Amino acid sequence: MDRDQRIRDPIHNLIKFSVSNPDDKILWTLIQSEPMQRLRRIKQLGFSDFVYPGASHTRLSHSIGAMQMARRMWDILERNNVFKKEARGYKKWRRATLCAALLHDIGHGPFSHVFEDVSEKLGIEIRHETYTKKIIQKKEIADILIRGDVLQKVLSLFKEEAGATPYSTIISSQFDADRLDFLIRDRYFTGLRSVAIDLEWLLDSLRIEKVPLDLRSAAKGFTLVFGQKGVSAVEEYFSAYAKMYSNVYFHKTTRAVQFMVQDILLGIFSSSRNQSMLPANDPLLAYFREAPNPSLTAYLKLDDASVLNCIRYVAKGGFGRSTTLSRRFLTRDLYKPYPVPQGDQNDPPTEALSKFMHVLKKKKLFHHLDLAPAKGYKQYQVSDGAFLKNVLVRRESDKEIKSISRFSPAIDFLVARPPVCFYFRNEKDRQKARRLWPH
């Protein structure tokens with residue numbers, strides 16, 4: 001980096017890197033590295049562009065955004081006198097925190113969680129978090145961090161328990177830089193207008209403080225604490241979080257695409273005959289042939305294009321059902337969802353669901369069951385080891401720290417509860433299923 005650099009970003013506007021700032025020089029060098037540039041070819045929202053055509057932003061743009069969010073969080077916390085500038089290693093911890101925010105997604109594979117599910121079914125049980133740590137310790141990234149004297153600090157930010165340092169809270173918490181950026185970025189690119197986050201007010205209300213870990217001991221840990229005036233902004237944040245999960249991340253059409261692509265890939269790579277028909281230089285083929293422990297070199301050759309090129313090749317013919325599904329994928333003829341009727345509190349009646357699954361099995365009606373978890377604010381009790389993951393508020397009247405649920409009882413209800421949904425291969429099977437549901 002021989003001159004000042006900047007990136008125009010729709011969320012953070014200008015993201016600047018100064019040649020006179022050692023931290024910026026390290027960050028800019030990391031962005032230009034080959035493992036980071038691979039993220040340019042991996043979409044942040046996977047198959048969500050089947051529903052929201054604008055949602056084609058990449059993991060690289062989000063990673064840079066998370067870094068900038070961490071930078072903004074740090075600056076505000078510093079302004080609010082959260083950090084002790086005289087603390088040992090203070091400047092290095094700032095550099096390490098920004099690097100960790102930038103590198104947090106470097107281990108994601110093509111179409112991320114879909115690819116992980118397929119890999120696991122084919123005997124490769126390595127999650128993207130593990131690949132992240134491996135890539136950081138690989139020569140190119142490691143050399144950059146060693147030059148900045150922060151390799152071990154960066155690795156520690158991915159390993160530390162909640163509350164270990166004030167810096168890890170920026171990387172991993174219910175309000176970390178990752179979540180703040182992806183919620184705002186994903187909202188922007190999907191075009192949703194029903195969710196909003198008052199970022200400036202939220203950040204300005206933010207503190208990191210040392211609070212008791214347990215009522216029975218004197219041990220303390222670092223956690224996020226908001227001023228009481230920030231409660232409304234926190235409510236908006238969790239409302240946006242729940243709505244994004246309901247409307248985007250768990251959208252039934254997106255889930256239908258995910259199940260279809262899983263079936264395509266499993267049909268190809270669980271069959272030695274189908275594998276033998278692929279081009280010898282296919283990167284997915286090379287990766288899965290190294291199961292159960294593929295090399296990092298094979299993994300780093302994978303991106304979204306690897307999957308799409310394979311699907312296009314299979315669509316030409318000769319791969320049985322995988323060919324049929326590949327052709328349907330390319331023409332957006334997707335699996336058909338059937339959200340089951342809801343009972344009280346949006347929960348499907350357990351007995352009816354059990355009977356339905358038994359009948360589907362008896363009728364040999366092919367399906368996928370989608371039991372997406374509820375997402376929202378999770379409250380931990382004082383006795384829970386994860387207590388520091390709570391969102392805490394300092395009361396203005398007596399400065400006492402309490403859980404946000406004491407100030408906003410509604411916070412516990414800001415949760416996305418996706419319906420239990422079955423996916424069938426075609427409309428005919430979906431209609432059969434409708435008739436089979438116990439009434």
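Heavy atoms only: backbone and side chains are in, while hydrogens, waters and symmetry mates are out. Nothing fancy with the numbering, it's 1 onward along the sequence. In this text the structure is predicted, and so the values were computed from the model without any measurement.
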[atom1]/[X] to [atom2]/[Y] distance, rounded to the nearest 0.5 angstrom?
X: Tyr287; Y: Ser295; atom1: OH; atom2: OG; result: 9.5 Å
X: Arg94; Y: Ile170; atom1: CZ; atom2: CD1; result: 9.5 Å
X: Leu265; Y: Met260; atom1: CG; atom2: CE; result: 12.0 Å

Is NZ or CZ of Arg59 both nearer than 6.0 Å to the six-membered ring centre of Phe111 and within 45° of the ring axis?
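Not flagged: Arg59 not positioned over aromatic ring of Phe111.
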Over-ring placement of Arg430 relative to Phe424, 6.0 Å and 45° cut-offs
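Here Arg430 fails the 6.0 Å and 45° test against Phe424.
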Using a strict cut-off of less than 4.0 Å between a Lys/Arg side-chain nitrogen and an Asp/Glu carboxylate oxygen, indicate whether [X] and [Y] qualify as a salt bridge.
X: Arg255; Y: Asp370; answer: yes
X: Glu351; Y: Lys355; answer: yes
X: Asp23; Y: Arg95; answer: yes

[Y] backbone acceptor or donor facing [X] side chain under 3.5 Å:
X: Ser326; Y: Ser322; answer: yes
X: Arg40; Y: Leu60; answer: no
X: Tyr131; Y: Ile106; answer: no
X: Asp282; Y: Leu278; answer: no
X: Ser246; Y: Ala242; answer: yes
X: Asp204; Y: Glu200; answer: no
X: Ser112; Y: His108; answer: no

Going by atom types alone, do [X] and [Y] pair a side-chain donor with an acceptor below 3.5 Å?
X: Glu427; Y: Gln431; value: yes
X: Ser306; Y: Asp303; value: yes
X: Glu235; Y: Ser408; value: yes
X: Tyr335; Y: Asn426; value: no
X: Asp263; Y: His368; value: yes
X: His62; Y: Asp186; value: no

Before giving the answer on side-chain hydrogen bond (donor to acceptor under 3.5 Å, both in side chains), spell out for Asp9 and His12 the whole-Å C-alpha distance, their side-chain angles and the decisive distance to 0.1 Å.
CA-CA 5 Å; Asp9 182 73; His12 301 286; 4.6 Å; no
Taking the ring centre of each residue, are Phe288 and Phe269 less than 6.0 Å apart?
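Phe288 vs Phe269: aromatic centres under 6.0 Å.
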Mind telling me whether Phe115 and Tyr299 have parallel, tilted or perpendicular rings, with 30° and 60° as the class edges?
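The rings of Tyr299 and Phe115 sit tilted, inter-plane angle from 30° to 60°.
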Would you say NZ of Lys25 has more than 12 non-hydrogen atoms from neighbouring residues, nucleotides or ligands within 6.0 angstrom?
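No, the 6.0 Å shell around NZ holds no more than 12 heavy atoms from other groups.
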Verdict with reasoning, His367 to Asp429, per side-chain hydrogen bond (donor to acceptor under 3.5 Å, both in side chains)
CA-CA 9 Å; His367 64 276; Asp429 287 352; over 6 Å; no
